Amino acid sequence: MPPSRLSENVIEPSTQSFDETHSDVQQGAVQDIKERIRIRIEEEIASPDDKEHGKWTRRGCTPWSFAFTDSPAVNPHEKQAIKARHLHMIAAGGCVGAGLFVGAGSALAYGGPAAMLIGFSIVSVMIILVVQALGELAVMYPCSGSFYAYYSRFIHPSWGFALGWNYALTWMIAVPLELTVCAITMSYWNLNMSMAAYIAIYLVLIIVIALFGSAAYGEEEFWSTCVKLGTMVIFTVISCICITGHGPESGKFSVYQGTKTWSDPGAFANGFKGVCFVLVAAAFALNGTEVIGLAVAETPKPGKVFPKLIKQISLRCVIFYFVPLILLGFLVPYNDTRLLSMAHGVHDAKASPFVIVAHDSGYIGFDSFINAIILIAVVSVGIASVYGGSRTLASLADDGMAPKFLGRRDVSGRAPWAILSVIIFSNIAFMSVSTGGVNAFEWLLGLTGLSALINWGFICLSHIFFRLAWKKAGRSLDELEYKAPLGIGGSAFAVLLVALAMIAQFYIAVSPIVGTPSAEAFFKTYLAVPCILAFAGGNWLYRRCKGIQRLDIPLDQDRRDHKPAVVEDIEKSPV
């Protein structure tokens, strides 16, 4: 053998000491143990379908993903398709749509700039307290369907049944509502197409995105919220330029504006009644914020993510509500005839104060840009409505409160029959095209007119009863992975604010700002209350459900298993 070849095969003596060699052996053994534990954890967490199907099938991107499965392990929250970055964007701008961009017009027209700020401030505080209470419940008891499970567990099963169906109906009606707003928004450009054609186009778009399940919803919310946040920054900068009188000569804001609109025509449009009206409009604008509770059930580590989400929601109230609404009050007087009014229809996107400011600014194409962003926001809310509605229906079916077939899942965790039901129901959007259908559509909206406030109130009541049960059982708050910062006091204050908003809505219903009081107008506003009472009473009579006793609440049933720190370290360690 040649010397060079021989030298290659000679094993050189080790220059390492015994201790170093022994240390290397220990590290290798530890890495081997970590690898075995990691594999075991993955095997325990993974569902049978995760082992049999590929990544793209599990994400709902192949025809095979629609195959039904009877495995009880296949639930949306176990798929954990929504990532932390998705949650941050959902919290920052999810469900910001027509309620803000268009509904702010009615708030300004009937309340004035000062009433608008007061009303939105009160409702913003309310929703932050609600989300904090919801976070404590959702982190411990992940609920991917609806919050009615908390009502059933901590208050009464009949309330869970009634409010679960009301919440499902809220999402189902929201889809055709947003489709109608899409059609009206498109009419801004006068493209000579019928509303029915616009509705059909955007319905198909929503269906396509909905077919890809939670992953598509999270991704869509991430990018659409990025667009909305960027637009708000641009709108804020341009509005500040206009207020100081540095706008283009071709616009209306080439001279200093200051606080002219607060003195003429004034800060309040209809006094106390105007403030009551704004409370209702603000609740409609922030409706859907609680969907973060559904999404947090589909993220792997909600206890670490949720405290940051609270900050995101607080930041959202500043970026999307306080700053823009203050600027709108300086640039658009409440008596501007273009503003939204009852006579023009509740969702006329052409009358959006954001579009009015963009048009009057004199910047070429800025109004079309804002209108396009409104369109993106409205479509985003429509997709979120399909997401929320289908999961609520599937969850109701899982608990025996809806037909069983609605709860069937496919291998990617979707509930195809529930999604199809929401899509079919969405076709009532075509009713808004005909004159006779508009009245029927308004009655359907009346069924869910107060659902946001009612759900917020019951979320906080559930949190209060949970804390009482936790204390009664002698459990420590240190056991909670996430604690609502203000505890029972914060939830109680939120319930008080909800009660005040309900009273304000009742006052507006019996004494409207425009027109004369009538039974029809009252029930179109307050129809949700008697319907919920009828559902709850009917369910109680049918099932004879007993009241919940605090000592009997199963505090550990369906509780999320928290991973010890050592397991998290193993998962993070390189293998």
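Keep in mind that this is a model prediction, so the values were computed, not measured.
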Next on the checklist: Are more than 12 heavy atoms, taken from residues, nucleotides or ligands other than Phe493, located less than 6.0 Å from that residue's CZ atom?
Outcome noted: no

Checklist entry - Between CD1 of Ile419 and CD1 of Ile207, what distance do you get to the nearest 0.5 Å? => result 10.5 Å

Checklist entry - Passes side chain to side chain contact (heavy atoms under 4.5 Å, CB included), Asn166 versus Ile454? Steps please. => result CA-CA 10 Å; Asn166 177 260; Ile454 294 172; 5.6 Å; no

Item to check | Phe369 and Ile373, any side-chain heavy atoms less than 4.5 Å apart | outcome: yes

Next on the checklist: Side chains of Pro324 and Met232, heavy atoms from C-beta outward: is any pair under 4.5 Å?
Outcome noted: yes

Checklist entry - Is His359 close to Lys252 at the side-chain level, that is, under 4.5 Å between some pair of heavy atoms? => result no

Checklist entry - Distance-only, no hydrogens or angles: does the Thr244 side chain make a donor-acceptor pair with backbone N or O of Ile241 under 3.5 Å? => result yes

Next on the checklist: For the backbone of Ile376 and the side chain of Ser380, can you confirm whether one donor and one acceptor N or O come within less than 3.5 Å of each other?
Outcome noted: no

Next on the checklist: Please check this pair: side chain of Tyr150 against backbone of Phe458, looking for a donor-acceptor N/O pair closer than 3.5 Å.
Outcome noted: no

Checklist entry - Can you find a heavy atom in the side chain of Phe330 that is under 4.5 Å from one in the side chain of Ser239? => result no

Item to check | Rounded distance (nearest 0.5 Å) linking atom CG of Leu137 with atom CZ of Arg467 | outcome: 9.5 Å

Checklist entry - Which is it for Leu331 and Thr261 under the side chain to side chain contact (heavy atoms under 4.5 Å, CB included) test, yes or no, and what are the steps along the way? => result CA-CA 7 Å; Leu331 295 172; Thr261 57; over 6 Å; no

Item to check | Side chains of Glu220 and Val379 in contact at under 4.5 Å (non-hydrogen atoms) | outcome: no

Next on the checklist: Just checking Phe322 against Phe120, ring centres under 6.0 Å apart?
Outcome noted: no

Checklist entry - Hey, are the side chains of Leu339 and Pro353 touching, using non-hydrogen atoms and a 4.5 Å cut-off? => result yes

Checklist entry - Any idea which heavy atoms bring Ala282 and Gly119 closest together, and the distance? => result CB-O, 4.0 Å

Checklist outcome for this item: Rounded to the nearest 0.5 angstrom, the CD-CG distance for Gln505 and Leu450 is 5.0 Å

Checklist entry - Where do Ala283 and Ala452 come nearest, in terms of heavy atoms and distance? => result O-CB, 4.3 Å

Next on the checklist: Can you tell me how far apart SG (Cys276) and CZ (Phe272) are? Round to the nearest 0.5 Å.
Outcome noted: 3.5 Å

Checklist entry - Can you tell me if Asp336 uses its side chain to pair, donor with acceptor, with the backbone of Pro333 under 3.5 Å? => result no

Next on the checklist: In the structure I gave you, are the side-chain heavy atoms of Ser426 and Leu203 within less than 4.5 Å of one another anywhere?
Outcome noted: yes

Next on the checklist: If we check side-chain hydrogen bond (donor to acceptor under 3.5 Å, both in side chains) with Ser491, which of these qualifies: Glu136, Gln132, His463?
Outcome noted: His463

Next on the checklist: Looking at every non-hydrogen atom in both residues, tell me the closest pair between Phe277 and Ala107 and how far apart they are.
Outcome noted: CE2-N, 4.2 Å

Next on the checklist: If you apply the rule side chain to side chain contact (heavy atoms under 4.5 Å, CB included), what do you find for Leu169 with Phe425, and how did you get there?
Outcome noted: CA-CA 10 Å; Leu169 191 59; Phe425 192 86; 4.1 Å; yes

Checklist entry - Quick one: ring pair (Phe, Tyr, Trp, His ring centres under 6.0 Å) pairs with a partner in residues 238-259, sequence neighbours left out? => result none

Next on the checklist: Please report the interatomic distance CG(Leu179) to OG(Ser385), rounded to the nearest 0.5 Å.
Outcome noted: 9.0 Å

Item to check | Check: Glu178 side chain, Pro176 main-chain N or O, donor-acceptor pair, under 3.5 Å | outcome: no

Next on the checklist: If I take atom SG from residue Cys240 and atom CD from residue Gln257, how far apart are they, to the nearest 0.5 angstrom?
Outcome noted: 13.0 Å

Checklist entry - Which of parallel (below 30°), tilted (30 to 60°) and perpendicular (above 60°) describes Tyr167 and Trp171? => result perpendicular

Checklist entry - For residues 324-334, which residue pairs qualify under side chain to side chain donor-acceptor pair (under 3.5 Å), counting only residues two or more places apart or in two chains? => result none

Checklist entry - When you look at Phe235 and Phe354, which way does the ring pair (Phe, Tyr, Trp, His ring centres under 6.0 Å) test go after all the steps? => result CA-CA 8 Å; Phe235 180 83; Phe354 291 89; 5.0 Å; yes

Item to check | Heavy-atom closest contact (Ala358 atom, Ile370 atom, distance) | outcome: CB-CG1, 3.8 Å

Next on the checklist: I need the single residue from Val332, Ile238, Ile243, Val357 that forms a side chain to side chain contact (heavy atoms under 4.5 Å, CB included) with Leu327. Which is it?
Outcome noted: Ile243

Item to check | Nearest heavy atoms of Ser250 and Gly362, plus distance in Å | outcome: OG-O, 3.4 Å

Item to check | Side chain Thr185, main chain Leu375, donor-acceptor under 3.5 Å | outcome: no

Item to check | Nearest non-hydrogen partners of Met126 and Ala501, listed with the distance | outcome: CE-CB, 4.4 Å

Item to check | Student check: side-chain heavy atoms of Glu221 and Tyr387 closer than 4.5 Å | outcome: no

Checklist entry - Does Ser451 offer a backbone N or O that forms a donor-acceptor pair with the side chain of Asn455 under 3.5 Å? => result yes

Item to check | Ser511 side-chain N/O to Ile508 backbone N/O, donor-acceptor pair under 3.5 Å | outcome: no

Next on the checklist: Set out, in order, the CA-CA distance, both residues' side-chain angles and the distance that settles side chain to side chain contact (heavy atoms under 4.5 Å, CB included) for Val495 and Leu461, then state yes or no.
Outcome noted: CA-CA 7 Å; Val495 171; Leu461 283 175; 4.2 Å; yes

